[in-house]
Protein chains: 2
Amino acid sequence: MVIDFKQRTTVTLAEVAAAAGVGESTVSRVLRNHGSFSPKARERVLDAVERLGYVPNRIAGTLASAGSRLVAFVIPSLTNIVFPDVLRGAGGVLEENHYQAVFSVTDYDSEREETLVSAMLAWRPTAVMLAGFEHTEGTLKILRASGCRVVELLDTDGTAADLAVGFSNRQAGRASAEFLLRRGYRRLGYVGHDLDLDTRAGKRFTGFCEALNLAGSRLAGREIRAGASSVESGRAGLKQLLERAPGLDAVYFSNDDMALGGYFHCLSNGIAVPADLALFGHNGLDIGQAIPQPLASIRTPRVATGKLAAELVINEAPPQVADLGFELIEGATA
Amino acid sequence: MVIDFKQRTTVTLAEVAAAAGVGESTVSRVLRNHGSFSPKARERVLDAVERLGYVPNRIAGTLASAGSRLVAFVIPSLTNIVFPDVLRGAGGVLEENHYQAVFSVTDYDSEREETLVSAMLAWRPTAVMLAGFEHTEGTLKILRASGCRVVELLDTDGTAADLAVGFSNRQAGRASAEFLLRRGYRRLGYVGHDLDLDTRAGKRFTGFCEALNLAGSRLAGREIRAGASSVESGRAGLKQLLERAPGLDAVYFSNDDMALGGYFHCLSNGIAVPADLALFGHNGLDIGQAIPQPLASIRTPRVATGKLAAELVINEAPPQVADLGFELIEGATA
DNA sequence: GAGATTTTTGGCAGCGCTACCATTTTAGTT
DNA sequence: AACTAAAATGGTAGCGCTGCCAAAAATCTC
């Protein structure tokens, strides 16, 4: 196999103009379909573009004009399917409008977030999309100074810097507790992952406890596991919790991944769900609905969040907080 | 809340130079730590940068120099965790080397792939990363003409355009069949998703059938489902298959998502695994190892693929095919 | 201490494009 | 046909940075 390494002089707009026998401006106008030009000119330009294999250079275009049509995502994780879902929702809209998505991953580390946001801004993106409201002072400062739009995703409990799209995790936590109480469960436990890192999970937990308090009840046991959420962590977490706090009749998990782990623990150990123990997750993942007993959970608007976030940015919407709500899935595990 | 909409004149390198009392070149050299400058100059520049809150403009930098330090990913899906995993692997390496990842999603449509690759090239990326070897002629043509590096991911069965990193899906399929045969299963079925779209799954299936033929055996039944893989699709697929082809003793699934669906079907319907029916997946996802009986599967080097792909590009490696292999997980479902 | 090196520095021409403006061409009006 | 309005076009000055080069300053050599 032979690869051509010789410096292929990239075709420029000027060359296209020359080949088409028109001025550079005309080529630019035709290609962006902006301003006026004759059908004849259009044809000659498109013909030359085709013939020379011209690919516009958006780096140059961006520098010359104002907007970069680049949208930066600085997200905590790619392993937690929540974020790919948001990216997916945004991706479609962005693409239709000829925007490009750029991303980096913080691993739930807000210092890293600051570094990454700062690096992103060097590309002069139209907007920066972040998870939630909890950021370092430094992050907020450089973001403000940049003048670019900021969208905080998947959270509405807090103060938005500019735009925010998501739902109230706190209310989701409350709704989960209320549902379990309504079903008659009284000895409730919690299995979660690191709440300091995943502040949205923390808010759900807060909401959950609030609802319990309001009902004159309280958490009968909790197991907080270090690190990110995972099925295995949920499984081990439930095992731990049940050993330490026997007699629970329902457990709330920080999300569906954790809850699935819990479910599998029950399956393996002959714990009847929900007769012996009820399980409640969060996110409403498809897989949770495909297990033998559909998981009781809360369906969150992840794709819709990405979609709306992109739309707001593209339409230059004024600062606002868009609450997309959530939907309780009764399932069969509670 | 008040948002400052006034056109915040972005700080430029020239302003930093003026503030630091040095020339523009010196600022540029200090910031890139490239070329020579005195400690004194360095200090004054960094001080001015800090004071003015200067953020370099990489759009301009890229235009002026050669390389964009942008790596484009054009992937089939974000729902299939395989691709986020690859992105994750690449992301770390890219970030360390001050590269940025840009992506778009084809939804397994090669016409869209061509459009998206073309759009990506407008950003003059250092490399374009694609899934597999199957691309339209048009895609290959514009890629060749662009002169940028191309990495084809997660496949080694075919002809690479430039770099390729992954493993042999065909061999994975063979290994899966050989394992099942070795275990004594004889009436083998297959449940898969759309093979024309996911050509790598198709190659696994081919390899699987080859191994059966070699052993003088043949597939006893198959169910190919339209659309992308999912747990629900696997569940429904296995149900269908068992109705149509009773008496199977093992089923090979196009991937772990599908296999999990199959497992859940068995759980729901009192089919003992593996006594009544053995199940075999592909990818070795964590969740497959967290269900009551760890799923027999093949662990694929997804993160490592992303990592190596990024490294090869950054180190300007010569064209090559890197086979990272795979690992059979015996599990407990076969 | 003069001359030869080496290090540090600033000026400036692009990179490829778009925005703006001035000019030319075409269409419209009476 | 003469004149006006509208449409089409090309020239060119940047966008903010880097790379090159020549000049200036610092260091070394005998």
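First the proteins, then the strands, lettered A, B, ... as listed; each starts at 1.
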**Asked** Under a 4.0 Å N-O cut-off, is there an ion pair linking B:Arg88 with B:Asp85?
**Response** yes

query: When you check the gap from the basic side-chain N to the acidic O, do A:Lys141 and A:Glu114 get nearer than 4.0 Å?
result: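 A salt bridge is absent here (no side-chain N lies under 4.0 Å from a carboxylate O).
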
Nearest whole Å is fine: how far is [N] [atom2] from [X] [atom1]?
X       : N      : atom1 : atom2 : result
A:Ile59 : C:dC17 : CD1   : P     : 11 Å
B:Leu13 : D:dC15 : CG    : C1'   : 13 Å
B:Arg58 : D:dG16 : CZ    : P     : 17 Å
B:His34 : C:dT9  : NE2   : P     : 16 Å

Has [X] got a side-chain atom pairing as donor or acceptor with [Y]'s backbone, closer than 3.5 angstrom?
X        : Y        : result
A:Asp107 : A:Asp109 : no
B:Asn97  : B:Val93  : yes
B:Gln100 : B:Val71  : no
B:Thr26  : B:Val22  : no

Between the protein and nucleotides 12-15 of chain C, which nitrogen or oxygen pairs are less than 3.5 angstrom apart?
| unit_1 | atom_1 | unit_2 | atom_2 | d |
| --- | --- | --- | --- | --- |
| C:dC15 | O2 | B:Leu63 | O | 3.4 |
| C:dC15 | O2 | B:Ala64 | N | 3.2 |

**Asked** Of the residues in residues 117-125 of chain B, which ones touch DNA chain C at a heavy-atom distance under 4.0 Å?
**Response**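 By residue number: none to list.
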
- Query: Atom OG1 of B:Thr106 and atom CZ of B:Phe73: how far apart are they, to the nearest 0.5 Å?
  - Reply: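 Between atom OG1 of B:Thr106 and atom CZ of B:Phe73 there are 14.5 Å.
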
In this structure, CG of B:Leu130 is separated from CE of B:Met120 (nearest 0.5 Å) by 10.0 Å

Donor-acceptor side-chain pairing of B:Ser25 and B:Arg29 below 3.5 angstrom =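 The criterion, which ignores hydrogens and geometry beyond distance, is not satisfied for B:Arg29 and B:Ser25.
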
Atom pairs, N/O to N/O, protein against nucleotides 6-9 of chain D, distance under 3.5 Å?
| unit_1 | atom_1 | unit_2 | atom_2 | d |
| --- | --- | --- | --- | --- |
| D:dT9 | OP1 | A:Ser38 | OG | 2.7 |
| D:dT9 | OP2 | A:Ser38 | N | 2.6 |
| D:dT9 | OP2 | A:Ser38 | OG | 3.3 |

OP1 or OP2 of D:dT18 under 4.0 Å from side-chain N/O of B:Arg32 = yes

message = Are B:Ser68 and B:Thr126 packed together at the side-chain level, in the sense that at least one heavy-atom pair is separated by less than 4.5 angstrom?
response = yes

> Do B:Glu95 and A:Arg112 touch side chain to side chain, with heavy atoms closer than 4.5 Å?
Replying inline: yes

